[in-house]
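Proteins get letters first, then strands, A, B, ... in listed order; numbering begins at 1 in each.
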Amino acid sequence: MTRVVEVPAHFDDRSFDQFAKAYGVPGEERLLFDAHAVQWAAPYGLLGLLVAGQTTVEQGGQPPRLTIPTDRDVLHYWGRTGFFEFAGEWFEIHGKVPRVSVTRSSEVLLEITPVRGSDDVHGVVGVIQERAAAILSGELGLEATATMGFGMALSEACQNIVEHAGTSGWVAVQTYHWRRRLGRRVVVIAVADAGMGFRRSLQATQGGRYGDRWGDATALEAALIQGASRFRDPGRGQGLGGIRRYLNRWDGKLSIRSGTARIAIVPSWDDDIPLADSLAPFPGSQMLQIIPAKQTE
Amino acid sequence: MNSIDLKTILHRTVSTGYRDLVTRHTGRAVRGGVEELLDGVDGGQVAVIDFGAVGCLDISCADEIVGKLLLDHGSARYFLLRGVSEAHCEAISLVLERHGLAVVAEDRHGRFQLLGPLGERVKRAFAAVMETGPAAATQLAARLEMTTDATRLLLDELLERRLVQQEAGGYRALTAL
């Protein structure tokens, strides 16, 4: 028996909960991820799709099917982001995958890149800095100091996978013009993994403090607001605080989804809610960082 | 002064291809390299940790290299961070805040500053020592327009944190050593 999981036509952080709900909790049935009608997908969505595929396979299910977008431009964009480099490992792909080379371009600053260990983090930070500097200070009009912290924010986000997920994950960096949502150009860092999630990662060191209130939402609060870590070393748990401080300074947004909850540091230009609980469950953790262009007077 | 170049240590302990101090794994390896070199440095000398050739510094690495180095050796050694960028300072400051530590840093233009969660009066006292050069508490008190006893309390904190050094009859900045 096959169950269809519809991929939202505009697949980004805003439609992610809809996707998570459709994904549900996979059982015996074979999943078919239907992306044929997708008109646009952000890296956050593409990484989520990979996580869903990976989780399904790792939980012993049959490799899910994926019908790829019919829109040529969308499909080629997916190709340029490197999505198909990894999708073949977790999905049985239906449709003709275009022969598009994975390229860094004016929009794809960093193609979908696996993060498995410290070397990968060095690689990602090393690759991105020069391009990020040109985009942040050139196209986004931010001060030169904004580019310096970018590598830190990217590194800490990737390390969150290495240190806490218990499995590998992916990162992608993209820039685009948000005409309708913001009217400005943005740089977006998307990081996702199919790991244990914040609640399980922090359970041993933090769970007891919260008692019955312990859950995905309190775990995210503990990590992001209190700087809690699963390690007892007092120096641990500062990475998310550093990201938060960096994004606050540049009027950026930070959003982390794990399990059934999502926490966000919401800038004035966004209307997200700071903490959402009782969402549809989704494996691992997904982090989104958005740095907008400087607002012109 | 003994200068310890972090990029050289990064290349020796982790990889010659890297210029960024990122990840806790890297920070741990680099700190190990720094500690090896510290064995050859007399405790009365200032150990200069040179960030000048370092690209990105993330918080995990800052915690391993600066935080743990000060926690483990800061009560017995003098440290000066050299060649720090504004972004380095941000990462280091976050770490120092977490641990309640402080350190003297010199930026890439040769300007000195105190990093860490210190009160304004302590920072003013440090600036006075920097500007005056080796000086007695009474001289510094006059400059700060404070009583000598109050000035001594501030200088004691700087001494205890190894941010200035005491010499016969006075106090001097680490930069003057």
Assert top hit (heavy-atom pairs under 4.5 Å, partner chain B, pool G126(A), G235(A), G151(A), G123(A)) equals G235(A)
| request: Could you tell me whether K123(B) atom NZ has more than 12 heavy atoms of other residues or ligands within 6.0 Å of it? | output: yes
Looking only at heavy atoms, the pair that brings T26(B) and S118(A) closest together is OG1-OG, 3.7 Å
Assess whether side chain to side chain donor-acceptor pair (under 3.5 Å) is satisfied between H122(A) and S15(B), documenting all intermediate values. CA-CA 10 Å; H122(A) 272 280; S15(B) 169; over 6 Å; no
Residue from R19(B), E86(B), H99(B), R24(B) scoring the most non-hydrogen pairs under 4.5 Å with chain A is R24(B)
More than 12 heavy atoms of other residues, nucleotides or ligands under 6.0 Å from CZ of R184(A): yes or no? yes
Paired with T23(B), the side chain to side chain contact (heavy atoms under 4.5 Å, CB included) test is passed by just one of D120(A), V162(A), V125(A), V121(A), namely V121(A)
Residue pair D233(A) / K68(B), side-chain heavy-atom distance below 4.5 Å: yes
Between the CD atom in Q238(A) and the CG atom in D58(B), the distance rounded to the nearest 0.5 Å is 10.5 Å
**Item:** Heavy-atom neighbours of R108(B) CZ exceed 12 at 6.0 Å
**Value:** yes
The side chain to side chain contact (heavy atoms under 4.5 Å, CB included) partners of A102(B) (sequence neighbours excluded) come to L118(B), R161(B), L163(B)
Turns out that what part of L71(B) lies under 4.5 Å from chain A's heavy atoms comes down to neither
What one should report as the nearest heavy-atom pair of D20(B) and Q129(A) is OD1-NE2, 2.9 Å
Taken to the nearest 0.5 Å, the spacing of M152(A) CE from H88(B) NE2 works out to 11.5 Å
Per-residue tally against chain A (heavy atom, under 4.5 Å) across E90(B), R98(B), H25(B) peaks at R98(B)
Under 4.5 Å to a heavy atom of chain B? For R236(A) that would be both
### Query
Within a reach of under 6.0 Å around CZ of R121(B), are more than 12 heavy atoms found that belong to other residues, nucleotides or ligands?
no
Report task. Report, as yes or no, whether the 6.0 Å neighbourhood of atom CZ on R28(B) holds more than 12 heavy atoms from other residues, nucleotides or ligands. Result -> yes
Answer key: most heavy-atom pairs under 4.5 Å with chain B among G149(A), P234(A), A153(A) is P234(A)
